[in-house]
Amino acid sequence: MEKLLEFKNVRITLKNRVLFENISFIFHEGERLMLSGENGSGKSLLLELIALGMSKDLCERYSGLEVTGEILDANGNDLLDPETGRKVAYVAQSEETYKNSTLVKQAEIAANGVGIDLDEDKLDYLLDRFGLSEKKNQKLKNNLSFGQGKLVHIITRLLKLPATNLLVLDEPLNHLSFKNSKVLNDIMLEEIKNNPKLSIIMVSHCNAISFVNQKMVYDYDTNRMVKKQYHSYDCFE
Ligand SMILES: Nc1ncnc2c1ncn2[C@@H]1O[C@H](COP(=O)(O)OP(=O)(O)OP(=O)(O)O)[C@@H](O)[C@H]1O
Ligand SMILES: [Mg+2]
């Protein structure tokens, strides 16, 4: 399978505090990786670098951020170069609630953002599965609970997948009920069945998930990500 991402000796520091040391690994198309580790270890920062690359906005939010080494995309372009473009489906850990527009409009904007038309049948299917159909044509502002907001972010990013094989998820189960966590797990298994090239990098602490097959855990002593065997509890079955 094609190489999608390569970390070469990446070191990440925040105001002289070392978060990551000597991160080196290759991630291939079709791989599905869970990242896990203590709160504050830098998982979300690492995920944002993977999803969006080194942006001015990231440097402004994480004051004193320095990253050395290389993070190469499938074409060998370095994501630490702000000029490198990116086309991924990325659900951040926490995102702004959408402003004064409808869910269907937001879904259209997400799809158009990666150069494709909205697949409205798929939107309807996803909304139905997550019990959100009635929200489709409503304005989103002040209209969603935390869990519903997270689901809208997940749904809009799943609609980008025809344009990219890389899905990046930061704690997607946060705020979700057990039922909707199971639905998400089922939907991801369907997506993978339909597209075996689908590649997932996800931060999560939940071993119930059965759509990943690899795990890396943050090691505080060495500031490295250490590969571990992944075993799902399979309690969604
Ligand atoms: N805006 C910021 N400016 C400077 N440092 C920050 C900022 N936000 C977070 N940090 C620091 O960056 C480190 C990494 O944060 P990050 O959000 O990546 O951690 P995390 O591993 O995702 O944690 P969690 O499990 O709580 O989501 C934290 O230790 C925190 O102290
Ligand atoms: Mg985080």
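Numbering starts at 1 and runs along the sequence shown. As the structure lists them, so they are numbered: ligands from 1, and atoms in each ligand from 1. Side chains included, hydrogens not; waters and symmetry mates left out as well; all remaining heavy atoms used.
A donor-acceptor pair under 3.5 Å links the side-chain atoms of R86 to the main chain of I50, judged by distance alone. No donor-acceptor pair closer than 3.5 Å links the side chain of S24 to the backbone N or O of K8.
Every atom of ligand 1 is numbered from 1 in the order shown, and the set under 4.0 Å from a heavy atom of S63 is 3 (N), 4 (C). Atoms of ligand 1 lying under 4.0 Å from any heavy atom of E38, numbered from 1 in the order shown and given with element: 21 (O).
The closest protein non-hydrogen atom to atom 18 (O) of ligand 1 is L45 N, 3.0 Å. When only non-hydrogen protein atoms are considered, atom 8 (N) of ligand 1 lies nearest to Y62 CE2, 3.7 Å. Protein heavy atom nearest atom 3 (N) of ligand 1, with residue, atom name and distance: R61 O, 2.9 Å. Summary of contacts: the protein heavy atom closest to atom 12 (O) of ligand 1 is L14 CD1, 3.1 Å. At the top of the distance list for atom 19 (O) of ligand 1, counting protein heavy atoms only, stands G42 N, 3.4 Å. The nearest heavy-atom contact from the protein to atom 26 (O) of ligand 1 is N39 ND2, 3.3 Å. Of the protein's non-hydrogen atoms, the one nearest atom 25 (O) of ligand 1 is K43 NZ, 2.7 Å. For atom 23 (O) of ligand 1, the closest heavy atom belonging to the protein is G40 N, 2.8 Å.
Using a 4.5 Å cut-off on side-chain heavy atoms (C-beta onward), F7 and L46 make contact. Side-chain contact between L49 and I71 is present, with at least one heavy-atom pair separated by less than 4.5 Å.
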- Would you sort out whether E171 and K150 count as a salt bridge (Lys or Arg N to Asp or Glu O under 4.0 Å), showing the intermediate values? CA-CA 10 Å; E171 305 214 24; K150 190 80 182 178; over 6 Å; no
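Note: H175 and F146 have parallel aromatic rings, judged against thresholds of 30 and 60 degrees for the angle between ring planes.
Here the closest non-hydrogen pair linking T164 and K87 is OG1-O, 3.0 Å. When every heavy atom of I209 is checked against every heavy atom of F236, the shortest pair comes out as N-CE1, 4.1 Å.
For E48, the closest heavy-atom approach to ligand 1 does not fall below 4.0 Å. A heavy-atom separation below 4.0 Å is not found between K15 and ligand 1.
Checking each of S204, S94, S44 against D170 for a side-chain hydrogen bond (donor to acceptor under 3.5 Å, both in side chains) leaves exactly one that passes, namely S44.
Distances from atom 22 (O) of ligand 1 to the heavy atoms of S41, S44, S36 put S44 nearest.
For S44, the nearest N, O or S atom to the Mg ion (ligand 2) falls under 2.8 Å.
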